[in-house]
Q: 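Have a look at this one before I ask anything.
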Amino acid sequence: MQRREFLKSTAIVALGGGLLPLTRVLPAVAAPADTIVVAMGATINSLDLHRQGTNRASYQVAINAYDRLVKFGTKTLPDGSVSYDSSVIEPDLAESWAEADDGKSLVFKLRPNAVFSDGTPVTAQDVKWSLDRAVSLGGFPTTQMKAGLLEKPEQFEVVDDRTFKIHLLRPSKLTLPDLAVPIPFIINSKVAKAHATAEDPWATEYLHRNVAGSGAFTVERWEPGQQLVYARNDKWTSGTLPQARRVIMREIPSAATRRALIERGDVDLVYNIPEKDAKELKASGKAKVVSTPIENCIYVLGLNDKFEPFKNKKVRQAIAYAVPYEAIFKAAAYDTGVPMWGGAEGPVASIAWPQPSPYRLDLDKAKALMAEAGYADGFTAPLYINLDLASWMEPTALLIQESLAKIGIKAPIEKIPGANWRTAVSVERRLEMHLEDFGGWLNYPDYYFFWAYMPGTIFNTSNYNNPEVVKLVNATLDMPVSDPAYAPNIKRLIDIAFDDMPRVPLWQPALSSAMTPKIGGYEYWFHRQPDARPLTKS
């Protein structure tokens with residue numbers, strides 16, 4: 001398909017497909033002051049973050065309907081907006097905690113007034129069952145827990161109803177912050193066990209469609225593909241009760257439709273809007289726009305080592321030289337974010353991450369490398385995109401497709417629905433070339449490399465496996481940043497990544513959301529999902 005025809009057809013689908021269902025999913029009159037309506041482009045495919053195949057849009061349920069032992073604090077940025085603060089850990093269900101002198105154990109004291117939404121107390125038994133589940137079900141949740149040295153049920157001990165202990169093999173800078181990410185949410189184990197079976201001991205089928213938490217909201221209704229409705233949990237004790245009694249998350253696939261809705265005031269907030277809309281809405285003044293750089297995040301072109309052409313490093317380097325970075329940054333990012341190309345050649349001088357790669361558009365170099373690799377005549381490999389992220393992936397894919405054709409690579413564009421994307425790209429790892437947008441939850445370079453470059457991890461969508469990278473990541477992951485060996489190891493990791501190029505960095509994005517003047521309390525979070533708890537509506 002030609003680029004012009006592709007853009008025309010996708011515009012028609014976006015407008016037609018986006019506008020038709022509005023009468024069904026939108027209220028006939030403005031929502032009352034105690035109800036906030038949020039429009040989002042992604043589809044929630046499960047209420048259980050521990051379930052394998054659960055997509056990113058679904059992570060928000062673990063934030064809004066569940067609590068954790070601890071949480072990150074917040075900070076005010078120079079522009080006046082509010083962001084999470086990765087350097088501050090605060091109490092959540094635990095009122096206090098203590099670390100052993102040798103760093104090999106943590107003891108948590110639970111708040112006596114912590115209760116689940118059904119009114120039953122939160123106990124250390126619930127905490128253990130929940131963390132046992134997180135490290136046992138496999139997939140992304142289990143690997144995330146492993147990053148903080150939380151690996152097996154034997155590490156978790158119930159001392160008494162209000163005291164919970166974690167045993168560690170060694171101290172790690174990641175353990176405590178890893179307990180503040182969405183994964184280790186605390187489940188009402190009594191409810192879950194009542195719905196467990198011999199075949200399903202962790203009640204995955206029940207928790208896929210129901211919540212059993214102590215969070216600020218419960219899920220009143222979930223209609224996959226249409227909406228999720230939160231109802232305030234008036235028994236919540238982990239913070240100030242939300243102002244909103246109900247928060248409605250509407251799934252509106254078309255970015256153009258979401259923009260029209262916020263401009264008319266038919267919704268209160270549109271979460272994660274395209275860069276083009278952010279730029280134009282800011283200029284027009286038709287909505288309040290908050291844009292926040294996404295820490296430890298890069299948009300990349302993934303090259304899957306499972307497939308023959310991409311096993312060759314020179315092919316990967318050739319593609320990196322064939323990417324039209326500047327054109328992509330203008331057409332897909334609207335000059336928003338930080339360029340991740342055109343850095344200095346030679347060994348890196350800094351451990352800052354992300355940082356620009358030394359590659360830039362150079363078709364002559366790309367053609368020479370293709371010839372050296374034995375692919376002077378090119379090859380064909382599909383380029384996959386996630387329809388939930390079409391606002392940046394479609395124009396990026398089109399420009400990459402055009403440029404790769406100049407070095408003999410035919411790259412037909414294949415589109416996958418967002419609800420199926422994570423399974424295809426991360427679980428099955430069957431996508432040859434693909435666009436990806438991984439961001440590390442814990443703000444360290446070694447943590448990013450753990451997820452994106454280590455064999456077997458869910459975000460290593462390129463099936464990359466380099467023994468030296470494995471060794472370096474294992475050496476640095478628990479290491480304090482102040483250790484003299486830390487910086488040299490991180491620099492070496494970055495040098496290897498730029499030489500091997502299993503992931504071609506494009507740019508570091510910002511997350512932008514638009515809201516009416518009535519909405520306050522918006523906060524940016526590293527997990528890139530809406531936190532409904534602090535939202536207010538005047």
Side-chain angles (χ1 to χ4, degrees), residues 7-8 10-43 57 60 79-82 225-229 243-244 246-292 330-337 387-395 418 509-524 528-532 534-538:
L7 288 173
K8 182 178 179 182
T10 53
I12 291 171
V13 170
L15 290 173
L19 289 173
L20 285 175
L22 291 186
T23 55
R24 185 177 75 246
V25 301
L26 291 177
V29 295
D34 63 356
T35 299
I36 294 174
V37 181
V38 179
M40 49 186 282
T43 294
Q60 63 165 281
D79 65 358
S81 64
V82 177
Q226 295 185 34
Q227 65 180 3
L228 183 144
V229 180
Q243 183 205 70
R246 298 172 85 225
V247 178
I248 303 171
M249 298 289 176
R250 292 273 163 77
E251 297 178 13
I252 311 292
S254 164
T257 303
R258 295 195 300 274
R259 174 171 171 172
L261 293 172
I262 194 66
E263 287 180 326
R264 296 199 305 260
D266 290 338
V267 297
D268 298 302
L269 185 152
V270 178
Y271 190 81
N272 196 7
I273 60 176
E275 288 84 351
K276 177 178 184 291
D277 290 344
K279 187 174 183 178
E280 293 177 353
L281 284 170
K282 282 181 182 178
S284 71
K286 292 182 178 179
K288 180 171 62 175
V289 177
V290 177
S291 296
T292 312
K330 290 183 181 297
Y334 287 82
D335 295 315
T336 300
L387 280 176
D388 277 357
L389 303 174
S391 62
W392 75 266
M393 285 193 177
E394 282 186 350
L511 189 147
S512 300
S513 295
M515 58 209 79
T516 67
K518 294 181 178 181
I519 293 298
Y522 174 86
E523 296 177 355
Y524 161 78
R528 290 181 279 165
Q529 290 305 308
D531 188 340
L535 293 177
T536 62
K537 183 176 179 181
S538 61

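Index from 1, following the sequence.
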Q: Minimum heavy-atom separation for Val289 and Ala514, please, with both atom names.
A: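 Looks like CG2-CB, 4.2 Å.
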Q: In Å and rounded to the nearest 0.5 Å, what is the CG to CG distance from Asn272 to Leu511?
A: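 Going from the CG atom of Asn272 to the CG atom of Leu511 covers 4.0 Å.
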Q: Between atom CD1 of Ile273 and atom CZ of Arg258, what is the distance when rounded to the nearest 0.5 Å?
A: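 CZ of Arg258 is found 9.5 Å from CD1 of Ile273.
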Q: Strictly distance-based, threshold 3.5 Å: is any side-chain N or O of Lys537 a donor or acceptor partner for the main-chain N or O of Gln243?
A: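 Absent.
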Q: If you compare all heavy atoms of Asp388 against all heavy atoms of Gly418, which two are closest, and at what distance to 0.1 Å?
A: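 Closest approach of Asp388 to Gly418, heavy atoms only: OD2-CA, 3.2 Å.
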Q: Any chance you could measure Gln60, atom CD, to Leu228, atom CG, to the nearest 0.5 Å?
A: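 So the CD of Gln60 and the CG of Leu228 are separated by 6.5 Å.
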Q: Mind checking the OG-CG spacing from Ser291 to Leu281? Nearest 0.5 Å is all I need.
A: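 It comes to 10.0 Å.
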Q: Between CE of Met249 and CG of Leu269, what distance do you get to the nearest 0.5 Å?
A: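 One gets 8.0 Å once the value is rounded to the nearest 0.5 Å.
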Q: In the structure I gave you, are the side-chain heavy atoms of Val38 and Val247 within less than 4.5 Å of one another anywhere?
A: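 Counting from C-beta outward, Val38 and Val247 do come under 4.5 Å.
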Q: For atom NZ of Lys288, decide whether the heavy atoms of other residues, nucleotides or ligands shown that lie under 6.0 angstrom number more than 12.
A: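 Yes - once you tally the heavy atoms of other residues, nucleotides and ligands closer than 6.0 Å, there are more than 12.
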Q: Restricting to non-hydrogen atoms, name the atom on Gly225 and the atom on Glu251 that form the minimum distance, rounded to 0.1 Å.
A: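 Looking at all heavy atoms of both residues, the closest pair is CA-OE1, 3.0 Å.
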Q: May I have the step-by-step check of side chain to side chain contact (heavy atoms under 4.5 Å, CB included) for Arg246 and Val229, ending in yes or no?
A: CA-CA 7 Å; Arg246 298 172 85 225; Val229 180; 3.6 Å; yes
Q: Going by atom types only, do Ser513 and Tyr522 share a side-chain donor-acceptor pair under 3.5 Å?
A: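 Yes, a side-chain donor-acceptor pair sits under 3.5 Å.
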Q: Does any non-hydrogen side-chain atom of Arg259 lie less than 4.5 Å from one of Lys276?
A: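 Yes, close enough: below the 4.5 Å cut-off.
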Q: For the CD1 atom of Ile36 and the CG atom of Asp268, what is their distance to the nearest 0.5 Å?
A: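 One gets 6.0 Å once the value is rounded to the nearest 0.5 Å.
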Q: How far apart are the closest heavy atoms of Gly521 and Thr536, and which atoms are they?
A: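 So the two residues come closest at N-OG1, 4.1 Å.
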Q: I need the minimum non-hydrogen distance between Asp335 and Lys279, along with the two atoms involved.
A: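 Closest approach of Asp335 to Lys279: OD2-NZ, 4.5 Å.
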Q: Provide the closest heavy-atom pair for Glu275 versus Trp392 in the form atom of the first, atom of the second, distance.
A: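 For Glu275 versus Trp392, the nearest heavy atoms are OE1-CB, 4.4 Å.
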